[in-house]
Amino acid sequence: MLYILFYQIGLGPIPYFIGSELFEVGPRPAAMALGSLASWGCNFIVAMLFTTLQSAWGAFVFLPFACTCVALTVLLKIYLPETRGKHISQIVPLVAKGFSSKPLVP
């Protein structure tokens, strides 16, 4: 239950709103579709791996998923710019180069 709780208040909704926050109007539908596809694809992988990992690892079955959530949260904290109060034309140059973009300095 804790994994689901933290996933839903943390990484779960990101694919659905990141497209509207980081992309201009033209590529926004494609970005949101890819975000949704990635989210459902990863949910499918988790569902398929869960029973196999549960039989192998027992009570520690959530450990790889929890570690992945922590790692992705740190990655998003470093590379995802704050969009509050900024126009989309100010945000697009910040993420134009993907992970080659300069990490944000507070």
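Basis for what follows: all heavy atoms, side chains included, without hydrogens, waters or symmetry-related copies.
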Is it the case that the side chain of Thr68 and the backbone of Pro64 share a donor-acceptor pair, with hydrogens and angles ignored and the cut-off at 3.5 Å? yes

Between the main-chain N or O of Thr52 and the side-chain N or O of Ser55, is there a donor-acceptor pair closer than 3.5 Å? yes

Linking I/L/V/M/F/W/Y whenever their side-chain heavy atoms sit closer than 4.5 Å, directly or via other members, would Leu49 and Leu63 fall into one cluster?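 No, no single cluster joins them.
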
Hydrophobic clustering (ILVMFWY, side-chain heavy atoms < 4.5 Å, transitive) - are Ile45 and Leu53 grouped together? yes

When rounded to the nearest 0.5 angstrom, what is the spacing between [atom1] in [X] and [atom2] in [Y]?
| X | Y | atom1 | atom2 | value |
| --- | --- | --- | --- | --- |
| Gln54 | Phe62 | CD | CZ | 7.5 Å |
| Cys67 | Leu72 | SG | CG | 11.0 Å |
| Phe23 | Leu34 | CZ | CG | 8.5 Å |

Should we say atom CZ of Phe50 is surrounded by more than 12 heavy atoms from elsewhere, each under 6.0 Å from it? yes

Asn43 side chain reached by Ser39 side chain, heavy atoms, under 4.5 Å: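 Yes. Closest side-chain heavy atoms under 4.5 Å.
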
